[in-house]
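Below, all heavy atoms of this structure are taken into account, side chains as well, without hydrogens, waters or symmetry copies. Model, not experiment: these values are computed from the prediction.
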Amino acid sequence: QVQLVESGGGSVQAGGSLRLSCAASGRTFSSYAMGWFRQAPGKGREFVADIIWSIGSTNYADSVKGRFTISRDNAKNSMYLQMNSLKPEDTAVYYCATSRAGRTYDNWGQGTQVTVSS
């Protein structure tokens, strides 16, 4: 239904910044919200942030509040995650996802690797 492609991952030192992008195509009109999730080695996939597409309302995990900012560009059907003050514990594969209602995320991108070194 919705194709998602993440980009912008890479390797940075602690305290650095990265901006992740998620480009959406297909039936994007069906998306209620878009979100970012991450999965570190040995851990389950965890919620990072999401945005209600139509109004721009955002929500963040406590672990990233004040450091990460989620945003959208309606004209480009794109979503972004600005990550500042990165910590080694932010190291993970970051995934873009969409939901049709609430926070039931059922459509996922392929992920992009973020590595933060000490």
Side-chain angles (χ1 to χ4, degrees):
Q1 291 288 90
V2 181
Q3 290 74 51
L4 303 171
V5 179
E6 301 97 333
S7 62
S11 298
V12 297
Q13 293 191 355
S17 298
L18 284 172
R19 191 179 79 148
L20 305 184
S21 298
C22 175
S25 61
R27 300 178 66 182
T28 56
F29 62 87
S30 67
S31 297
Y32 170 78
M34 296 183 69
W36 289 99
F37 295 76
R38 66 187 183 186
Q39 186 167 19
K43 294 185 176 181
R45 188 170 296 181
E46 67 172 336
F47 170 80
V48 175
D50 64 8
I51 184 167
I52 299 175
W53 197 255
S54 63
I55 61 175
S57 179
T58 60
N59 190 42
Y60 297 90
D62 287 343
S63 60
V64 306
K65 283 182 179 177
R67 300 189 298 120
F68 291 10
T69 303
I70 189 171
S71 62
R72 75 197 197 285
D73 186 329
N74 292 337
K76 297 180 179 180
N77 277 330
S78 297
M79 178 180 65
Y80 308 96
L81 185 68
Q82 179 66 46
M83 305 185 295
N84 298 326
S85 301
L86 283 162
K87 304 175 181 179
E89 50 263 46
D90 295 318
T91 295
V93 176
Y94 284 71
Y95 296 90
C96 175
T98 63
S99 70
R100 291 182 292 174
R103 293 180 179 176
T104 303
Y105 286 90
D106 56 6
N107 194 44
W108 301 84
Q110 85 289 347
T112 186
Q113 177 71 48
V114 171
T115 302
V116 185
S117 60
S118 300

Worksheet item: Hey, quick one: are L4 and Y80 part of the same hydrophobic cluster, counting side-chain heavy atoms closer than 4.5 Å, chains of contacts allowed?
Response: no
Practice prompt. Pick out which of L86, N84, L18 makes a side chain to side chain contact (heavy atoms under 4.5 Å, CB included) with F68.
Written response: L86
Item to complete: Answer with yes or no whether the hydrophobic clustering places W108 together with V2; edges join I, L, V, M, F, W, Y residues whose side-chain heavy atoms lie under 4.5 Å apart.
Response: no
Discussion item. Check for me, please, whether I51 and M83 land in the same ILVMFWY cluster - side-chain distances under 4.5 Å, paths through other members count.
Written reply: yes
Worksheet item: Are any of the side-chain heavy atoms of P88 and S118 separated by less than 4.5 Å?
Response: yes
Worksheet item: With the threshold set at 4.0 Å, does a side-chain nitrogen-carboxylate oxygen contact exist between K87 and D90?
Response: no
Fill in: Minimum heavy-atom distance C96-M79, with the two atoms named
SG-CE, 3.4 Å
Response to the item:
Minimal heavy-atom distance between S78 and A23, with the atoms involved, is OG-CA, 4.1 Å
Fill in: Sole residue of L81, I70, N59 in side chain to side chain contact (heavy atoms under 4.5 Å, CB included) with V48
L81
Worksheet, complete the sentence: In short, C22 meets M34 closest at the heavy-atom pair SG-CE, 3.9 Å
Fill in: R103 side chain vs S99 backbone, donor-acceptor pair below 3.5 Å
no
Discussion item. Between W53 and R72, does the side-chain contact (heavy atoms from CB on, under 4.5 Å) criterion hold? Intermediate values first, please.
Written reply: CA-CA 8 Å; W53 197 255; R72 75 197 197 285; 3.5 Å; yes
Worksheet entry | Short side-chain to backbone donor-acceptor contact, Q110 and E6, under 3.5 Å | yes
Worksheet item: Under the side-chain contact (heavy atoms from CB on, under 4.5 Å) criterion, do R38 and S63 qualify, and how do the steps go?
Response: CA-CA 12 Å; R38 66 187 183 186; S63 60; 3.5 Å; yes
Practice prompt. Evaluate whether atom CD of Q13 has more than 12 neighbouring non-hydrogen atoms of other residues, nucleotides or ligands under 6.0 angstrom away.
Written response: no
Fill in: Closest heavy-atom pair and its distance - Q3, G26
OE1-CA, 3.7 Å
Worksheet item: Does R45 make a cation-pi contact with F37, if we ask for NZ or CZ under 6.0 Å from the ring centre and within 45° of the axis?
Response: no
Worksheet entry | hydrophobic_cluster_shared for Y60 and Y95, side chain cutoff 4.5 Å | no
Worksheet entry | Same apolar cluster: V93 and L20, side chain cutoff 4.5 Å | no
Worksheet, complete the sentence: Here the gap from W36 atom CH2 to T112 atom OG1, rounded to the nearest 0.5 Å, amounts to 7.5 Å
Worksheet item: What heavy-atom pair brings Y105 and G35 nearest, and what distance separates the two atoms?
Response: CE2-N, 3.6 Å
